[in-house]
J.: 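Take this structure, written in structure tokens, and hold onto it; I'll ask about it next.
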Number of protein chains: 2
Amino acid sequence: MAIQRSKIVAEALDLLDAEGIDGLTMRRLAQRLQIQAPSLYWHFPSKQALLDGMSDALMESVARDVDSAASYEERVRQVSHEIRNALLSRRDGAQVFSGTYVSTENVLRVGESLISALRDGGLDPRSASWGAFSLLYYILGFTIEEQGLAALDETAFHKQQEAFRQMAQAQFSNAFAAAGELFESDPEDRFTFGIDRLIAGLRPSE
Amino acid sequence: MAIQRSKIVAEALDLLDAEGIDGLTMRRLAQRLQIQAPSLYWHFPSKQALLDGMSDALMESVARDVDSAASYEERVRQVSHEIRNALLSRRDGAQVFSGTYVSTENVLRVGESLISALRDGGLDPRSASWGAFSLLYYILGFTIEEQGLAALDETAFHKQQEAFRQMAQAQFSNAFAAAGELFESDPEDRFTFGIDRLIAGLRPSE
DNA sequence: ACCTGAACACCGTTCAAGT
DNA sequence: ACCTGAACACCGTTCAAGT
């Protein structure tokens with residue numbers, strides 16, 4: 001029996017999770033699937049196409065059942081957290097996703113859910129679509145950074161933090177004061193803070 | 001005379017601009033500098049260290065003279081645009097920057113300028129530092145996406161757009177309506193929209 | 001102090017050939 | 001229709017050796 005596309009994508013996500021984005025190679029993936037690397041090119045025209053498939057799969061469970069009774073702001077908040085959680089579900093998920101520009105059903109459903117919630121909140125079509133993408137950019141930027149820092153080992157993380165404090169102390173008092181807020185805070189709290197500020201900023205004024 | 005670190009970074013940025021992030025290899029960089037690839041490892045311990053140096057250099061001119069007479073919101077807006085312009089100044093600049101976690105003078109000055117402006121606006125230390133990073137995440141996410149789309153050639157861009165409209169039309173009415181707003185708008189306008197919404201959302205309420 | 005030659009252990013991708 | 005073997009044109013990095 002031949003290998004299915006979906007099986008390859010699932011295995012690729014497992015490999016990503018195990019080895020990170022640098023360890024995700026066509027050869028290693030093939031090995032896991034017990035085929036030879038060139039065989040993958042019968043199923044996908046390129047590695048990029050495989051990454052596109054992985055991005056689509058990452059969004060599979062997002063915005064499936066949005067609580068239609070909730071306020072529009074609550075719906076935006078809910079979907080935003082779902083997106084972040086989906087990206088976090090695999091190592092380097094945000095980086096994989098940000099390198100792709102897919103218009104698949106899963107990805108468009110996510111976009112649609114944000115835009116339609118904002119429309120329900122009274123935003124005009126332009127503000128709703130630009131607003132939805134603003135939210136996505138924030139979510140992506142935040143999560144890329146979060147996963148990138150998570151990739152550092154204990155020692156590297158500590159060195160990073162030390163360099164920051166050292167440099168900031170000498171010249172940048174506010175940045176120095178910020179060090180604690182950044183390094184010792186829960187990422188979830190920081191994420192929520194930014195999302196809520198952005199949602200508030202998108203509120204129609206009248 | 002030996003080659004200086006700064007010369008290598010400058011040449012690396014030129015190579016990035018000419019070939020994009022995939023074309024930025026140690027061998028090609030060495031060739032431009034008329035040395036052999038392994039020689040680069042006397043100046044930088046790894047390619048990552050070189051990328052860190054490039055990120056620092058990208059921020060060199062940002063937040064140099066912030067208009068101290070301007071309102072805090074105006075200052076945040078100004079620095080945000082400067083960051084975006086700095087990232088845009090080199091092909092794939094945002095992607096290079098987002099992969100690095102440098103605490104150098106240039107990068108910290110940028111952070112400091114945002115945090116201190118927000119502090120002047122009346123935000124508490126935690127909100128100011130989290131807010132500054134929220135702005136940075138948005139800027140990074142936006143600019144990565146912008147430069148990624150710019151990397152597509154005309155045909156690929158058109159195909160992308162078609163796939164989006166096709167899929168959206170069938171099932172996602174709001175996303176379909178958003179297509180025009182996205183594909184035909186000035187990125188500068190969309191960037192400004194999001195930044196201004198976020199700045200508004202960060203405004204202290206009382 | 002700064003640079004080279006040669007090599008190691010990999011990559012993504014192509015393509016003729018097999019079943 | 002699906003897969004393999006062999007190869008191409010690269011990578012980042014190490015290291016002994018040169019000046």
Side-chain angles (χ1 to χ4, degrees), chain A residues 1-55 91-92 95-102 148 151-153 156, chain B residues 1-55 91-92 95-96 98-102 148 151-153 155-156:
Chain A
M1 233 262 297
I3 280 171
Q4 306 97 316
R5 249 185 90 95
S6 61
K7 174 88 205 297
I8 296 178
V9 170
E11 195 70 44
L13 286 169
D14 286 347
L15 176 57
L16 178 71
D17 222 19
E19 309 278 356
I21 199 164
D22 288 338
L24 177 66
T25 74
M26 298 301 265
R27 288 166 207 260
R28 288 207 225 194
L29 174 57
Q31 196 178 3
R32 272 172 168 257
L33 291 163
Q34 312 210 58
I35 57 176
Q36 301 303 309
S39 307
L40 290 168
Y41 288 82
W42 194 90
H43 300 275
F44 293 90
S46 66
K47 185 179 183 180
Q48 186 55 56
L50 173 65
L51 290 166
D52 289 350
M54 294 169 70
S55 286
R91 172 136 64 126
D92 297 332
Q95 222 182 309
V96 166
F97 189 86
S98 90
T100 62
Y101 303 91
V102 281
L152 303 175
D153 55 41
Chain B
M1 234 262 297
I3 280 171
Q4 306 98 315
R5 248 185 91 94
S6 61
K7 175 85 205 297
I8 296 177
V9 171
E11 195 70 44
L13 286 169
D14 286 347
L15 176 57
L16 177 70
D17 221 19
E19 310 278 355
I21 200 163
D22 289 337
L24 177 65
T25 74
M26 299 301 265
R27 287 167 208 260
R28 288 207 226 195
L29 175 57
Q31 196 178 3
R32 273 173 166 255
L33 292 162
Q34 312 210 56
I35 57 176
Q36 302 303 310
S39 307
L40 291 168
Y41 287 82
W42 194 90
H43 300 276
F44 293 91
S46 65
K47 186 180 183 179
Q48 187 55 57
L50 173 64
L51 290 166
D52 290 350
M54 293 169 70
S55 285
R91 174 142 56 131
D92 298 332
Q95 221 181 310
V96 166
S98 90
T100 63
Y101 302 91
V102 282
L152 303 174
D153 56 40
T155 343

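In what follows, chains carry the letters A, B, and so on, assigned in the order in which the sequence lines appear, proteins first and then strands, with residues in each chain numbered from 1. When reading the values below, keep in mind they use all heavy atoms of this one structure, side chains included, and skip hydrogens, waters and symmetry mates. Here the structure is a predicted model, which is why all the values come from computation and not from measurement.
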J.: Could you tell me the separation between the CD1 atom of A/I8 and the C1' atom of D/dC2, rounded to a whole number of Å?
T.: 11 Å
J.: Closest to the B/Y41 side chain: C/dT13, C/dC3, D/dT14?
T.: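 Of C/dT13, C/dC3, D/dT14, D/dT14 is nearest to the side chain of B/Y41.
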J.: For B/A49, enumerate each residue passing the side-chain contact (heavy atoms from CB on, under 4.5 Å) test, keeping only those at least two apart in sequence or located in another chain.
T.: B/F44, B/P45, B/S46
J.: Can you list the residues that meet the side-chain contact (heavy atoms from CB on, under 4.5 Å) rule with A/D22, with sequence neighbours excluded?
T.: none
J.: Within this structure, what is the CZ-to-C1' distance between A/F44 and C/dG12, rounded to whole angstrom?
T.: 15 Å
J.: What's the NZ-P distance between A/K47 and C/dG12, to the nearest Å?
T.: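 Taking atom P of C/dG12 as the reference, NZ of A/K47 is at 4 Å.
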J.: What are the two closest heavy atoms between B/S39 and B/H43, and how far apart are they?
T.: O-CD2, 3.6 Å
J.: Who passes side-chain contact (heavy atoms from CB on, under 4.5 Å) against B/S55, sequence neighbours left out?
T.: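 B/S55 satisfies side-chain contact (heavy atoms from CB on, under 4.5 Å) with B/V96, B/F97, B/T100, B/V102 only.
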J.: Show every donor-acceptor pair shorter than 3.5 Å between a side-chain atom in residues 23-32 of chain B and any protein atom, with sequence neighbours excluded, or say none if there are none.
T.:
residue	atom	partner	partner atom	Å
B/T25	OG1	B/R28	N	3.1
B/R32	NH1	B/E11	OE2	2.9

J.: Give me the distance, rounded to whole Å, that separates D/dA9 from C/dA9 when you measure between the P atoms they each carry.
T.: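 Each nucleotide's P atom is 23 Å from the other's.
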J.: Could you tell me which residues satisfy side-chain hydrogen bond (donor to acceptor under 3.5 Å, both in side chains) with B/D52, sequence neighbours excluded, listed by chain and number?
T.: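 With neighbours one apart ignored, the set is B/Q48.
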J.: How long is the line joining CG of B/L50 and P of D/dC11, in whole Å?
T.: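 Going from B/L50 (CG) to D/dC11 (P), I get 15 Å.
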J.: Indicate whether OP1 or OP2 belonging to C/dA1 is found under 4.0 Å from a side-chain N or O atom of B/H43.
T.: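 For B/H43, the contact criterion (side-chain N or O under 4.0 Å from OP1 or OP2 of C/dA1) is not met.
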J.: Using a heavy-atom distance cut-off of less than 4.0 Å, which residues of residues 18-40 of chain B contact DNA chain C?
T.: B/I35, B/Q36, B/P38, B/S39
J.: What dot-bracket string describes DNA chain D from 5' to 3', counting Watson-Crick and G-U wobble pairs whose defining distances are under 3.5 Å, with [ ] for crossing pairs and | for pairs to another strand?
T.: ||.|||||...|||||.||
J.: Sequence neighbours left out, what passes side-chain hydrogen bond (donor to acceptor under 3.5 Å, both in side chains) with A/D17? Give chain and number order.
T.: none
J.: How long is the straight-line distance from CG of A/L33 back to CG of A/L15, given to the nearest 0.5 Å?
T.: 9.0 Å
